[in-house]
Amino acid sequence: CLPICRQAEGTGVFSPKLTGDLFSADLNPRWRRPLAAPLEPDLDTLIFQQIDLDYYLAPPQPGYQSGNVPIIRMFGVTDSGNSVCCHVHGFAPYFYVPAPNGFTSDHLSEFKRELNSVVLKDMRSNKDNISVTVLAVDITRKESMYGYHGKQISDFLRITMAMPRLIAPAKRLLELGFRFGTFPMQNYSTYEANIDFEIRFMVDSGVVGCCWIELPKGTYRVSLCQYEVDVGWTQLISHPAEGEYQRIAPLRVLSFDIECAGRKGIFPEADKDPVIQIASMVQRQGEKEPFIRTIFTLQSCSSIVGSQVLCFTKENQLLQSWAEFLRTVDADIVTGYNIQNFDLPYLLNRAATLKVNMFPYLGRVRGIKSVLRDSNFQSKQMGRRENKILNMEGRVQFDLLQVLLRDYKLRSYTLNAVSFHFLQEQKEDVQHSIITDLQNGNEQTRRRLAVYCLKDAYLPLRLLQKLMCVINYMEMARVTGVPLTYLLSRGQQIKVVSQLLRQAMKQGLVMPVVKIEGGEDYTGATVIEPEKGYYSVPIATLDFSSLYPSIMMAHNLCYTTLLQKGSAVKLGLSPEEFIKTPTGDHFVKSSVRKGLLPDILEDLLSARKRAKAELKKETDPFKKQVLDGRQLALKISANSVYGFTGAQVGKLPCLEISQSVTGFGRQMIEQTKQLVESKYTLSNGYPADAKVIYGDTDSVMVKLGVDTVSKAMEVGREAAEWVSSHFIPPIKLEFEKVYYPYLLINKKRYAGLYFSSSAETHDKMDCKGIETVRRDNCTLVANLINTCLQTILIDRDPQGAVAHAKEVISDLLCNRIDISQLVITKELTRTAQEYAGKQAHVELAERIRSTCWRTTFPLTHSTTWNSSCPSHCSGSSMSVHGCPSLLA
DNA sequence: GCCAATGCCTAA
DNA sequence: TAAGTTAGGCATTGGC
């Protein structure tokens with residue numbers, strides 16, 4: 001009676017019997033997974049790496065209540081490369097409410113009966129014919145994690161519901177006001193009623209994203225082949241990602257790309273324009289090259305060395321065959337470039353248009369149709385993002401474009417630009433406009449198209465490998481405990497929630513549901529007023545490493561240590577037992593209670609230290625990658641904990657924590673400045689009076705009065721250590737680098753030659769906030785400014801920089817510059833379109849000319865910043881118009 | 001011409 | 001339903 005997970009290997013509904021031409025005749029045995037050795041539940045242990053996890057509803061096993069129950073479904077792969085679908089039974093969703101006064105176990109059944117009844121009554125339609133909504137109500141001893149209240153453990157009701165989707169109405173009804181038995185009407189606060197079911201299960205069973213799962217012999221039963229198993233939720237063993245369990249199974253990664261024969265000048269539309277080619281590459285995770293390269297083409301196509309060409313005379317056969325190919329290959333991870341919003345939706349819509357009814361079953365669960373949905377994702381970090389969503393149970397959709405949009409700030413996100421940026425490699429050059437002509441040509445022209453299409457399937461694999469995306473994402477999933485898919489589909493908060501719940505559970509703490517109401521913003525970090533100018537002396541930079549995490553650890557800032565107004569007195573705490581933060585908030589010290597957040601942060605940062613130590617020892621390049629991915633994931637995770645507490649539209653905001661953190665930070669940067677400037681003085685025997693010329697949040701830039709980089713490094717190191725001793729561990733100020741020379745333009749805008757690894761040669765030219773690093777400028781501006789900066793900092797020739805700027809601007813005025821260099825911002829693009837053709841160039845040139853000069857002039861005249869700027873072109877409105885002589 | 005508000009993107 | 005934070009520069013725009 002359970003749904004059955006099967007990949008299509010010539011059985012079941014997806015018979016690879018030919019629907020016309022070609023497919024089964026060319027079926028390549030390599031496409032299939034390796035044969036699965038027989039599994040004896042009584043003798044064999046089954047171990048696999050879990051890569052995706054969801055749940056479905058199904059009738060319960062005999063002996064349980066009526067109505068459907070949720071069953072967790074884990075997908076994974078064994079060491080031998082066999083796929084596993086593991087149905088985990090017996091786990092039900094639940095949440096907590098505080099037990100009302102006078103509540104005893106005698107009241108449980110009445111509470112349960114009444115809650116069940118109001119939830120049933122609340123349902124508008126009951127098409128699933130649910131008769132029992134509340135499965136159980138139990139009394140447990142718990143404590144709210146929000147606020148310190150003397151470790152008062154009290155009675156909570158743990159309410160277990162029949163299905164995840166019943167949690168929300170039960171929560172709402174209890175919050176609105178609920179009455180049972182002789183107890184009065186009461187508004188209940190709820191705890192953990194907003195936790196995704198998958199996360200709930202993972203937290204409770206110690207499963208983290210992408211971890212290895214062991215089913216001991218005798219605990220599971222096998223239903224069909226390639227390891228489809230059933231197990232009780234308390235019987236599976238989840239292995240922490242340590243030692244041998246850091247490894248990654250030989251996952252099958254499929255990358256694909258489609259080509260459509262669009263009409264001239266019109267973006268292809270699935271209800272009109274045919275799919276003419278689909279290229280696919282399959283690679284085992286960890287191997288260097290794909291072991292399957294295929295191209296499905298409409299009409300004949302000449303052969304291509306190293307690739308299998310499959311030609312179809314009818315488009316519907318091409319589509320159906322490709323779907324069968326996907327199911328046969330049984331990919332664990334599906335990738336490509338913009339497959340999420342283009343290729344997959346297009347294929348699905350096209351298949352619907354052509355009525356290829358067997359197409360839209362792309363997941364690993366038989367009988368589940370893949371359907372398209374629209375999703376609207378919005379966050380302050382990423383803005384509004386509209387995406388298509390397609391369900392593909394058991395396969396992780398890992399669209400490279402989405403990964404890049406999340407993790408990299410690039411000027412262009414075309415596959416061509418991205419390939420060039422990361423691989424120094426270009427796409428095959430085929431203009432979109434000639435695709436249809438190539439298709440309508442002969443088998444040679446279609447071959448040219450196929451080569452192009454294959455490359456577009458290959459490049460995402462190369463990029464994935466180069467950027468170590470799969471490894472890094474897996475490590476992030478393991479570190480934070482969320483499923484891999486959450487990392488691409490959800491925001492930052494869920495990662496912290498997952499960790500918080502795990503930590504809280506250990507201490508019997510429960511997480512409240514807080515309602516969201518927009519409040520006042522709080523004060524952030526200090527930016528020290530810069531002493532603008534050009535410095536031809538070494539400037540040492542000292543940074544607090546992981547400032548916000550270390551503040552939270554040093555001062556034990558947490559939900560569980562926060563003292564509400566007046567509660568210090570009420571709880572009889574002595575002044576030594578709590579602290580007052582710079583914002584006037586109170587927190588108990590770790591001697592009273594150690595906070596959850598400091599615990600999480602310590603775990604993350606000590607794990608990071610371990611990973612870095614292991615990384616140093618490791619010689620195997622593959623394991624090195626894993627470890628590097630891990631240390632990165634750990635760092636990012638630690639840094640996002642602070643943001644989580646300050647997210648007012650979030651799961652558990654606590655501004656007392658976040659504003660205390662920034663408050664401490666402000667105090668510390670100020671104190672650092674004072675300390676450095678008070679010790680490093682002439683009168684203390686140092687070469688000069690040190691001066692902090694700039695600082696932002698966690699760093700200070702110091703002019704120490706020394707004349708060489710190596711001296712600046714030496715004094716910088718000493719100063720960092722000395723200043724550190726004034727702060728509570730693990731707060732630590734570190735010497736980071738020396739800038740020499742250093743050009744300080746404004747707050748958050750500076751450039752300098754960066755010395756860190758050696759005192760003799762600079763590592764790079766470092767630019768912050770200047771047009772060269774901003775993506776709202778055209779490349780011409782960025783290049784011009786970059787060259788000017790190099791001329792100033794490396795050649796130390798400000799006059800040369802001015803000369804260069806003049807030359808470029810003169811080229812611009814004389815139409816000697818390619819228009820493609822000018823267009824980049826939305827603003828300018830629009831202008832280019834409006835003035836399409838001849839006018840555009842003039843218009844753009846004019847705008848860019850003024851931008852270039854406005855930016856370049858302050859750079860090149862920074863030595864004389866506050867004194868001798870000519871009066872006729874001073875101030876921000878200075879432009880070439882007002883300064884004609886400068887253009888000569 | 002001055003200004004505040006807004007949009008965009010970055011620093012940390 | 002879900003959505004990390006604030007500080008801050010600079011171009012543009014629109015009102016006066």
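First the proteins, then the strands, lettered A, B, ... as listed; each starts at 1.
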Let's see if you can work this out: which of [options] has an atom nearest to the side-chain heavy atoms of [X]?
| X | options | result |
| --- | --- | --- |
| Tyr642(A) | dC9(B), dG4(C), dA7(C) | dG4(C) |
| Arg774(A) | dC8(B), dA2(C), dC10(C) | dC8(B) |
| Arg490(A) | dG8(C), dG4(C), dA3(C) | dA3(C) |
| Lys409(A) | dA11(B), dC8(B), dT10(B) | dT10(B) |

Nearest-Å distance, [atom1] ([X]) to [atom2] ([N])?
| X | N | atom1 | atom2 | value |
| --- | --- | --- | --- | --- |
| Lys768(A) | dC9(B) | NZ | P | 19 Å |
| Gln499(A) | dG4(C) | CD | P | 14 Å |
| Ile494(A) | dT1(C) | CD1 | P | 15 Å |
| Asn777(A) | dG9(C) | CG | P | 17 Å |
| Asn639(A) | dT6(C) | CG | C1' | 15 Å |
| Asn387(A) | dA2(C) | CG | C1' | 14 Å |
| Leu601(A) | dG4(C) | CG | C1' | 14 Å |
| Asp776(A) | dA11(B) | CG | P | 11 Å |

Check every strand shown and say whether [X] touches a base, only sugar-phosphate, or nothing at a heavy-atom separation below 4.0 Å.
| X | answer |
| --- | --- |
| Phe544(A) | nothing |
| Thr523(A) | sugar-phosphate |
| Leu655(A) | nothing |
| Asp543(A) | nothing |
| Val649(A) | base |
| Lys747(A) | sugar-phosphate |
| Val496(A) | nothing |
| Tyr522(A) | sugar-phosphate |
| Gly643(A) | base |

What is the ring orientation for [X] with [Y], classed by angle as parallel under 30°, tilted 30 to 60°, or perpendicular over 60°?
| X | Y | answer |
| --- | --- | --- |
| Tyr559(A) | Tyr146(A) | tilted |
| Tyr742(A) | Tyr739(A) | parallel |
| Phe544(A) | Phe727(A) | perpendicular |

Q. Any side-chain donor paired with an acceptor under 3.5 Å for Thr561(A) and Asn556(A)?
A.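 Checked: Thr561(A)/Asn556(A) side chains show no N/O donor-acceptor pair below 3.5 Å.
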**Q.** Inter-residue atom distance Asn777(A).CG - Ile785(A).CD1, 0.5 Å rounding
**A.**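 Going from CG on Asn777(A) over to CD1 on Ile785(A), the span is 8.0 Å.
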Q.
Roughly how many Å apart are dA12(B) and dG4(C), using the C1' atom of each and rounding to a whole number?
A.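 Pairwise C1' distance, dG4(C) against dA12(B), rounds to 14 Å.
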Could you tell me whether the phosphate oxygens of [N], OP1 or OP2, come under 4.0 Å of any side-chain nitrogen or oxygen in [X]?
| X | N | answer |
| --- | --- | --- |
| Asn746(A) | dG8(C) | no |
| Tyr750(A) | dA12(B) | yes |
| Arg749(A) | dC10(C) | yes |

Q. If we only count heavy atoms from C-beta on, is the Ile539(A) to Tyr694(A) side-chain gap below 4.5 Å?
A.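 Counting from C-beta outward, Ile539(A) and Tyr694(A) never come under 4.5 Å.
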